[in-house]
Asker: 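Dumping the structure here so I can ask a few things about it.
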Amino acid sequence: MEIKIRKAIVSDGESIAKINISSWQKTYKDIFPKEFLDCLSDEESLKNTILRMQENIKKDNNYLVAEFNNEVVGFCKIGKSTKENYENYGEIIALYVKNEKVKKGIGKQLFIAANNLLKETYENNIVSCIKENLSNNFYKKIGCVLLEECDFNLKGVIYKENLYLCP
């Protein structure tokens, strides 16, 4: 499977939004409230998410996409860390792969490309993952080192997440 990793373009916004929503609905189905996850894919929410992704790409272009056979099958969002006490770090803010393409090495390729790109600007990079998310195993396997546990606020509810230093 030959995967091409490249910077996102505005027309990728719809694919990124759809991957993001379907990944959240599958990954967090037993973690976040069902009502919240269900409303992500309603027509209005999807439209707003696509527009938000497209605007973000136009403004900052901080997305990488994984492409297979001219189809976007995964994405990664990167940037300056938003985590308290890690202001001078780069951060892999989001990394998702189409549900049917998981465990095919796409996430690893995206992670490596994102981490390398961030290293051009930042000495250290971090990534966080909700504690109950099985992707914690992916980050450990790829060489990330647990720094601490921190809070993630979603609609006023606090969830615990693991914060990792990238290799």
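The first residue of the sequence shown is numbered 1, and numbering continues consecutively from there.
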Asker: For E55 and R52, run salt bridge (Lys or Arg N to Asp or Glu O under 4.0 Å): C-alpha distance rounded to whole Å, both residues' side-chain angles, the deciding distance at 0.1 Å, then the answer.
Answerer: CA-CA 5 Å; E55 286 302 314; R52 193 174 62 250; over 6 Å; no
Asker: How long is the gap from CG on N99 to OG1 on T27, to the nearest 0.5 Å?
Answerer: 6.5 Å
Asker: E67 vs R6, test: salt bridge (Lys or Arg N to Asp or Glu O under 4.0 Å). Steps then yes/no.
Answerer: CA-CA 8 Å; E67 197 176 63; R6 62 170 173 77; 2.9 Å; yes
Asker: Would you check if the side chain of N115 reaches a backbone N or O of P167 as a donor-acceptor pair within less than 3.5 Å?
Answerer: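 Confirmed, N115 side chain pairs with P167 backbone.
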Asker: Check whether more than 12 heavy atoms from other residues, nucleotides or ligands sit under 6.0 Å from atom NZ of K34, and answer yes or no.
Answerer: no
Asker: Examine the side chains of S41 and Q25 and answer whether a donor and an acceptor come within less than 3.5 Å of each other.
Answerer: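 Indeed, the side chains of S41 and Q25 share at least one donor-acceptor pair under 3.5 Å.
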Asker: Please determine whether side chain to side chain contact (heavy atoms under 4.5 Å, CB included) holds for the pair T49 and I21, giving the CA-CA distance in whole Å, both sets of side-chain angles, and the decisive distance to 0.1 Å.
Answerer: CA-CA 9 Å; T49 302; I21 290 168; 4.2 Å; yes
Asker: Could you tell me the separation between the CD1 atom of I106 and the CD1 atom of I5, rounded to the nearest 0.5 Å?
Answerer: 8.0 Å
Asker: With a 4.0 Å cut-off on N to O distance, would you call K98 and E71 a salt bridge?
Answerer: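 Salt bridge present between K98 and E71.
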Asker: Taking the six-membered ring for Trp, are Y96 and W24 parallel (under 30°), tilted (30 to 60°) or perpendicular (over 60°)?
Answerer: tilted
Asker: Less than 4.0 angstrom from a charged side-chain N to a carboxylate O is my criterion; do E161 and K83 meet it?
Answerer: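 Salt bridge flag = yes for K83 with E161.
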Asker: For salt bridge (Lys or Arg N to Asp or Glu O under 4.0 Å), just list the numbers for K18 and E14, CA-CA rounded to whole Å, side-chain angles, deciding distance to a tenth of an Å, and then say yes or no.
Answerer: CA-CA 6 Å; K18 288 179 177 178; E14 183 172 353; 2.8 Å; yes
Asker: Does any part of the side chain of E91, heavy atoms only, come nearer than 4.5 Å to the side chain of Y86, both counted from C-beta?
Answerer: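 Y86 vs E91: side chains apart.
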Asker: Would you give the length of the straight line joining atom OH of Y164 to atom CD1 of I126, rounded to the nearest 0.5 angstrom?
Answerer: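 Here the interatomic distance stands at 13.0 Å.
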Asker: Using modelled atom types and a 3.5 Å cut-off, is there a donor and acceptor pairing between side-chain atoms of N136 and backbone atoms of N133?
Answerer: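 Such a contact is found between N136 side chain and N133 backbone.
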Asker: Would you mind reporting whether I93 and I78 have side-chain heavy atoms less than 4.5 Å apart?
Answerer: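 No. Closest side-chain heavy atoms not under 4.5 Å.
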Asker: Which of these, I92, L165, N116, L118, sits in a side-chain contact (heavy atoms from CB on, under 4.5 Å) with N125?
Answerer: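 Exactly one candidate clears the test, L118.
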Asker: Are the side chains of D151 and Y159 in contact, using a 4.5 Å heavy-atom criterion?
Answerer: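 Side chain of Y159 against side chain of D151, heavy atoms only: no contact under 4.5 Å found.
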